[in-house]
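Mind having a look at this structure? Questions to follow.
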Amino acid sequence: METQCSSFRFDVLAESDNARRGRFYTSRGTVDTPAFMPVGTQGTVKAMTPENLKNTGAQIILSNTYHLHLRPGEDLIETIGGLHKFMAWDGPILTDSGGYQVFSLAKLRKITDDGIEFQSHIDGSTRCLTPEKAVQIQEKLGSDIMMVLDECVPYPCSEEQAFNAVKRTSFWAKRCVNARHGENALFGIVQGGVFRNLREMSAVQISELGFDGIAVGGLSVGESHDTMMEVLEYTLPLLPSDRPHYLMGVGTPLDIVEAVARGIDMFDCVLPTRNARNGQLFTWKGKITLKQAKYKLEKGPPDESCTCYTCRNFSLAYLRHLFMSGEILSSVLATMHNLHFYLELMLKMRHSVENQYFDKLRSSIKEMYND
RNA sequence: GGAGGGGUUCCCGAGUGGCUAAAGGGAGCAGACUGUAAAUCUGCCGGCGAAGCCUUCGGUGGUUCGAAUCCACCCCCCUCCA
């Protein structure tokens, strides 16, 4: 079954063991992999202007179907000219389907085979999201890469629950394939919790549907790093090697490097942006918690070796002051830095795979971020 | 000089006899954050510690089994009237 109808294309350019360096092409630009997608749930990567984002090195960002559907609504965005124009980001956008909200907003929803019935977290109104609706919304938004609606189960969960989610996710995946009309790329999602048999079943079923890319979902929901890696080890070999592999919602620098080592090409995660707002910086020397008293008089930047705007211009003492004072600029500068760090990490990984020193980079990240 | 109000643990501020090492804020200190209901949340916040003990509510002295809380005097501060 071949359903690919978009102009989306993916090439693997170099490999180092299981790690891949590649590139995919969309009508709005090319993206080098391994890639990190900053998260812009509500049509904005918090605290960043699109110009800021470009300067951090971001080539693609992620946005969210569920949230934009509730507010301001896909029809409004379509009327204004689509999500790219609406938010003034002209690069590629991948939109998550809302499947994760099934997990994160678990108290507000009910799942049936037809779809998800949920209560809006904004006004309490009852809404329904079906696989077809998820695709329709994403097409109206003008998404470059759409995600199928999936069911993400919590951790821990029973094998039966995970099995049902796999069945439903496959069923919904087919309906998403049938519902697409336009040129937008569409990625399938593998589920299965931490059960090898279920992951394998899901990987095979999803891979058969001819998606432009395959995502591994349902991870980083509470399981350990090692467990996550085990799941990747037995799942990735079953995915088509000529399509990008996207690990959803991951992760820490260590998670990301270790996932690349196992064959993942794409990531998204709120950690660099959320933790920035909460006063935590990722650096090449490890994490920095801005509020710690030891930085009160620190004249140097967060990271001497970092070339981001924040590190080139500001002392830790000042950044700490901004955070302690609750100043808006704290979020801006910290987010700029963290995204720069994440995107530089991806750049280094691409370079290291091309030049066969990936293992060296991998072990240095392991040293800094082994907690 | 007269009339009233008040001094509480770093700060603000509750507390009018035992349930009070003392509400609640703030500040401070520390931790968490993984397809964002997050510029959010959690913990600690007199001292030593296992229970428990010791010190603390302007000062001193009383009343009481028991006092931040009641009484006496003293020291400060604020408002109003002369």
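A, B, ... follow the sequence lines: proteins, then strands. Residue 1 opens every chain.
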Please tabulate, for side-chain N and O atoms in residues 307-320 of chain A, each donor-acceptor pair with protein atoms closer than 3.5 Å (sequence neighbours left out).
from	atom 1	to	atom 2	distance (Å)
A/T307	OG1	A/H340	NE2	3.3
A/T310	OG1	A/L333	O	2.7
A/R312	NE	A/T307	O	2.9
A/N313	ND2	A/Y309	O	2.9
A/S315	OG	A/Y318	N	3.0
A/R320	NE	A/L290	O	3.4
A/R320	NE	A/K291	O	3.3
A/R320	NE	A/Q292	O	3.0
A/R320	NH2	A/K291	O	3.0

Q: Would you mind reading off the distance between A/F323 atom CZ and B/A38 atom P, rounded to a whole angstrom?
A: 17 Å
**Q.** Pair listing, salt bridge (Lys or Arg N to Asp or Glu O under 4.0 Å) test, anchored in residues 143-161 of chain A, at least two apart
**A.** A/R28-A/D144, A/E151-A/R168
Q: Please determine if A/E132 and A/R175 form a salt bridge, counting it only when a charged side-chain N lies under 4.0 Å from a carboxylate O.
A: yes
Q. How long is the line joining NE2 of A/H67 and C1' of B/U36, in whole Å?
A. 6 Å
Q: Return the nucleotide paired to B/C80: Watson-Crick means purine N1 to pyrimidine N3 with N6-O4 or O6-N4, wobble means G-U with N1-O2 and O6-N3, both under 3.5 Å.
A: B/G2
(Q) Could you identify the nucleotide paired to B/U42, looking across every strand shown and requiring Watson-Crick or G-U wobble geometry with both distances under 3.5 Å? (A) B/A30
**Q.** Ion pair A/R180/A/D212, N-O distance below 4.0 Å
**A.** yes
Q) Is B/C73 paired to anything, Watson-Crick or G-U wobble with both distances less than 3.5 Å, and if yes, which nucleotide? A) B/G59
Q: Would you mind reading off the distance between A/Y295 atom OH and B/G28 atom P, rounded to a whole angstrom?
A: 17 Å
Q. What distance, rounded to whole Å, do you find between the two C1' atoms, one in B/G52 and one in B/G17?
A. 25 Å
Q: Report the hydrophobic cluster partners of A/L13, with the cluster defined as I, L, V, M, F, W, Y residues connected by side-chain heavy atoms closer than 4.5 angstrom, directly or transitively.
A: none
**Q.** Euclidean distance for P, B/U16 against B/G28 (whole angstrom)
**A.** 31 Å
Q.
Could you tell me how far B/U56 sits from B/A21 if I compare only their C1' atoms? Round to whole Å.
A. 8 Å
Q) Which whole-number value in Å describes the distance from A/Q42 CD to B/A38 C1'? A) 11 Å
(Q) Using the C1' atom as the point on both nucleotides, what is the distance between B/U9 and B/C44, in whole Å? (A) 15 Å
Q: Can you tell me the distance, in whole Å, between the CG atom of A/L68 and the C1' atom of B/A37?
A: 14 Å
Q: Answer with base, sugar-phosphate or nothing: what part of the nucleic acid does A/L94 contact at a heavy-atom distance below 4.0 Å?
A: nothing
Q) Given the C1' atoms of B/C57 and B/A67, what is the spacing between them in whole Å? A) 11 Å
**Q.** All salt bridge (Lys or Arg N to Asp or Glu O under 4.0 Å) counterparts of A/E233, not counting sequence neighbours
**A.** A/R262
Q | Rounded distance in Å between the P positions of B/U34 and B/A39 | A | 13 Å
Grab the N/O contacts between the protein and nucleotides 29-35 of chain B below 3.5 Å, and write none if there aren't any.
from	atom 1	to	atom 2	distance (Å)
B/C29	OP1	A/R320	NH2	2.9
B/C29	OP2	A/R320	NH2	3.1
B/A30	OP2	A/K291	O	3.4
B/A30	OP2	A/A293	N	3.1
B/A30	N6	A/K291	NZ	3.1
B/G31	OP1	A/Q292	NE2	3.2
B/G31	OP2	A/Q292	NE2	2.8
B/G31	N7	A/K291	NZ	3.1
B/G31	O6	A/K291	NZ	2.6
B/C33	O3'	A/R274	NH1	3.4
B/C33	O2'	A/N275	OD1	3.3
B/C33	O2	A/N278	ND2	2.8
B/U34	OP1	A/R274	NH1	3.2
B/U34	O3'	A/G249	O	3.0
B/U34	O2'	A/S220	O	3.2
B/U34	O2'	A/S220	OG	2.4
B/U34	O2'	A/G249	O	2.6
B/U34	O2	A/D255	OD2	3.2
B/U34	N3	A/D255	OD2	2.8
B/G35	OP1	A/V270	N	2.3
B/G35	O4'	A/G249	N	2.9
B/G35	O4'	A/D268	OD1	3.4
B/G35	O4'	A/D268	OD2	3.2
B/G35	O2'	A/D96	OD2	3.2
B/G35	O6	A/Q191	NE2	3.4
B/G35	N1	A/D150	OD1	3.3
B/G35	N1	A/D150	OD2	2.6
B/G35	N2	A/D96	OD1	3.2
B/G35	N2	A/D150	OD1	3.1
B/G35	N2	A/D150	OD2	3.3
B/G35	N3	A/D96	OD1	3.3
B/G35	N3	A/D96	OD2	3.4

Q | Pairs meeting criterion side chain to side chain donor-acceptor pair (under 3.5 Å) with involvement of residues 324-336 of chain A, two or more places apart | A | A/H321-A/S325
Q | Check: A/T273 side chain, B/U36 base, donor-acceptor under 3.5 Å | A | yes
Q.
Between the side chains of A/D265 and A/R20, is the shortest nitrogen-to-carboxylate-oxygen separation below 4.0 Å, so that they form an ion pair?
A. yes
Q: Sticking with atom P, work out how far B/C48 lies from B/G61, rounded to a whole angstrom.
A: 28 Å
(Q) Can you tell me the base-pairing partner of B/A22? Count Watson-Crick or G-U wobble geometry only, both distances below 3.5 Å, and say none if there is no partner. (A) none
Q) Taking atom P in both B/A23 and B/A68, what distance in whole Å separates the two? A) 15 Å
